[in-house]
Amino acid sequence: MSRTETGRLMAETGVVPKKSKGQNFLIDDRVADRQVDFAGISKEDRVLEVGPGLGILTSRLAECSDNVTCIELDEILADHIGNTYGERLRLIRGDAVKVPFPPFDVFVSNLPYSVSTPIIFKLLDCDFRKAIVMVQKEFADRMTADVGSPDYSRLTVNLFYKADCRLLEKVPASRFKPKPKVDSAIVEIVPRPAPFSVRDERLFFKVTEAAFNHRRKKIGTSLRTAGMIEDSWNIPFLDSRIEELRPTEIAEIANAISLCHKQ
Ligand code: SAM
């Protein structure tokens, strides 16, 4: 779909792109081809797309699989997808943050930026094989950051706990209409069991959150401020800073706190 074709479809449907709905439409067919190739979809796969928009990914997904579901919030765009694909796919009209996801094997989406975080976390609670998502470049950097880098964050650790994430390709802002202020990137998410053991998942996430809330402070200070540890407890890494610790070491902290709770 070229810039001109996208403009024509926008005029035909009457959609006026809204920033609040993250409506920046991809206008590069080669990028869309690669995204769908990365997903490695087979005919039997149940495919879920959030935010089909004008359908640049949808047309390709519907060619790869006979079982595609799209969730679209915008009435005009949902009408467009419904009219174009009819019975060839299932269309759910609504907010992808709120509506239950149907069972799926592969997730492909150029995510609306304002809801990237809740949708990715919702995704991680599902049972699926692979996700290929387009997100803001800065967000992709945080998803895939290395320990010690400025982008290493709560998002990195929470994602790493549940999945392998890889940045596959940067996509310049010029590949979208209207052109957003920032570049984007395609990220692959492959769920897998955590490569370390965690006694209490909720506590692991709470420790991660409390420590990243004050990333420059010593972990002991952050956890004491959050009322999560007592001075008499023997907890590792309290003099470290969270940005220096690998997820497995954060798990060691959470596991030690969990043991102290039990005593
Ligand atoms: N897939 C199209 C493309 O690549 O050109 C459109 C992607 S555009 C970045 C995001 C799409 O998500 C828009 O169609 C927008 O209307 C839709 N959208 C925004 N918020 C949504 C939500 N909460 N639930 C479902 N769809 C949403």
Side-chain angles (χ1 to χ4, degrees), residues 1-39 41 47-64 68-85 89-102 104 106-123 126 131-140 168-187:
M1 223 184 270
S2 63
R3 182 177 294 278
T4 322
E5 211 179 326
T6 305
R8 180 182 57 76
L9 272 181
M10 282 165 57
E12 250 175 51
T13 55
V15 70
V16 180
K18 291 197 186 60
K19 211 175 156 192
S20 61
K21 289 186 186 159
Q23 288 171 334
N24 303 96
F25 302 107
L26 181 65
I27 52 167
D28 191 323
D29 282 314
R30 286 165 309 174
V31 172
D33 285 341
R34 287 198 292 276
Q35 267 188 281
V36 174
D37 280 351
F38 290 143
I41 298 166
V47 179
L48 178 62
E49 182 189 10
V50 162
L54 294 167
I56 188 166
L57 291 175
T58 321
S59 56
R60 290 163 171 79
L61 298 175
E63 273 173 26
C64 296
V68 177
T69 302
C70 296
I71 308 177
E72 176 58 64
L73 177 73
D74 187 290
E75 294 265 336
I76 293 178
L77 294 172
D79 285 346
H80 168 69
I81 294 295
N83 294 337
T84 310
Y85 296 95
L89 54 76
R90 179 177 169 217
L91 173 65
I92 300 175
R93 293 165 181 268
D95 182 345
V97 178
K98 294 184 186 148
V99 299
F101 283 176
F104 61 96
V106 181
F107 182 93
V108 183
S109 174
N110 289 343
L111 282 172
Y113 295 149
S114 56
V115 288
S116 297
T117 304
I119 289 180
I120 283 181
F121 281 110
K122 187 167 172 180
L123 193 62
C126 301
I132 299 291
V133 294
M134 177 97 72
V135 292
Q136 287 191 345
K137 169 68 172 50
E138 287 76 8
F139 192 80
L168 300 177
E169 184 175 328
K170 293 177 204 164
V171 182
S174 60
R175 303 294 81 210
F176 297 87
K177 182 184 171 86
K179 184 179 162 192
K181 288 208 175 72
V182 295
D183 293 334
S184 292
I186 301 171
V187 178

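Just follow the structure's listing: the first ligand is 1, and inside any ligand the first atom is 1.
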Basic-acidic side-chain contact under 4.0 Å: Asp183, Lys137: no
Electrostatic pair Arg93:Asp79 at N-O distance under 4.0 angstrom: yes
Short N/O distance, under 3.5 Å, between [X] and ligand 1?
{"X": "Leu26", "answer": "yes"}
{"X": "Val50", "answer": "no"}
{"X": "Leu57", "answer": "no"}
{"X": "Asp74", "answer": "no"}
{"X": "Gly51", "answer": "yes"}

Ala32 to ligand 1, any heavy atom closer than 4.0 Å: no
Heavy atom of Met134, distance to ligand 1 below 4.0 Å: no
Has [X] got a side-chain atom pairing as donor or acceptor with [Y]'s backbone, closer than 3.5 angstrom?
{"X": "Asn24", "Y": "Pro178", "value": "yes"}
{"X": "Gln35", "Y": "Val133", "value": "no"}
{"X": "Lys21", "Y": "Pro112", "value": "no"}

Ligand 1 contact on Leu73 by region, counting heavy-atom pairs under 4.0 Å: both
Structural part of Asn110 in contact with ligand 1, heavy atom criterion under 4.0 angstrom: both
Any idea which atoms of ligand 1 are less than 4.0 Å away from a heavy-atom of [X]?
{"X": "Ala96", "result": "22 (C), 23 (N), 24 (N), 25 (C)"}
{"X": "Gly53", "result": "6 (C), 14 (O)"}
{"X": "Gly94", "result": "24 (N), 25 (C)"}
{"X": "Asn24", "result": "8 (S), 9 (C)"}
{"X": "Gln23", "result": "13 (C), 15 (C), 16 (O)"}
{"X": "Ile71", "result": "25 (C), 26 (N)"}
{"X": "Asp95", "result": "22 (C), 23 (N), 24 (N)"}
{"X": "Glu49", "result": "1 (N)"}

Counting non-hydrogen protein atoms only, what is the nearest one to [atom]? Give residue, atom name and distance.
{"atom": "atom 2 (C) of ligand 1", "answer": "Pro52 O, 3.3 Å"}
{"atom": "atom 16 (O) of ligand 1", "answer": "Glu72 OE2, 2.6 Å"}
{"atom": "atom 9 (C) of ligand 1", "answer": "Gly22 O, 3.0 Å"}
{"atom": "atom 19 (C) of ligand 1", "answer": "Lys21 O, 3.0 Å"}

Would you say the side chain of [Y] lies within less than 4.5 Å of the side chain of [X], judging by non-hydrogen atoms?
{"X": "Tyr85", "Y": "Ser59", "result": "yes"}
{"X": "Ile92", "Y": "Pro102", "result": "yes"}
{"X": "Leu77", "Y": "Gln23", "result": "yes"}

Verdict with reasoning, Asp37 to Arg60, per salt bridge (charged side-chain N to carboxylate O under 4.0 Å, His left out): CA-CA 10 Å; Asp37 280 351; Arg60 290 163 171 79; over 6 Å; no
Derivation and outcome, side-chain contact (heavy atoms from CB on, under 4.5 Å), residues Phe25 and Asn110: CA-CA 9 Å; Phe25 302 107; Asn110 289 343; over 6 Å; no
Steps toward side-chain contact (heavy atoms from CB on, under 4.5 Å) verdict (Glu169, Val31): CA-CA 9 Å; Glu169 184 175 328; Val31 172; 4.2 Å; yes
More than 12 heavy atoms from other groups under 6.0 Å of CD on Glu12: yes
Mutual orientation of the aromatic rings belonging to Phe104 and Phe107 [parallel < 30°, tilted 30-60°, perpendicular > 60°]: tilted
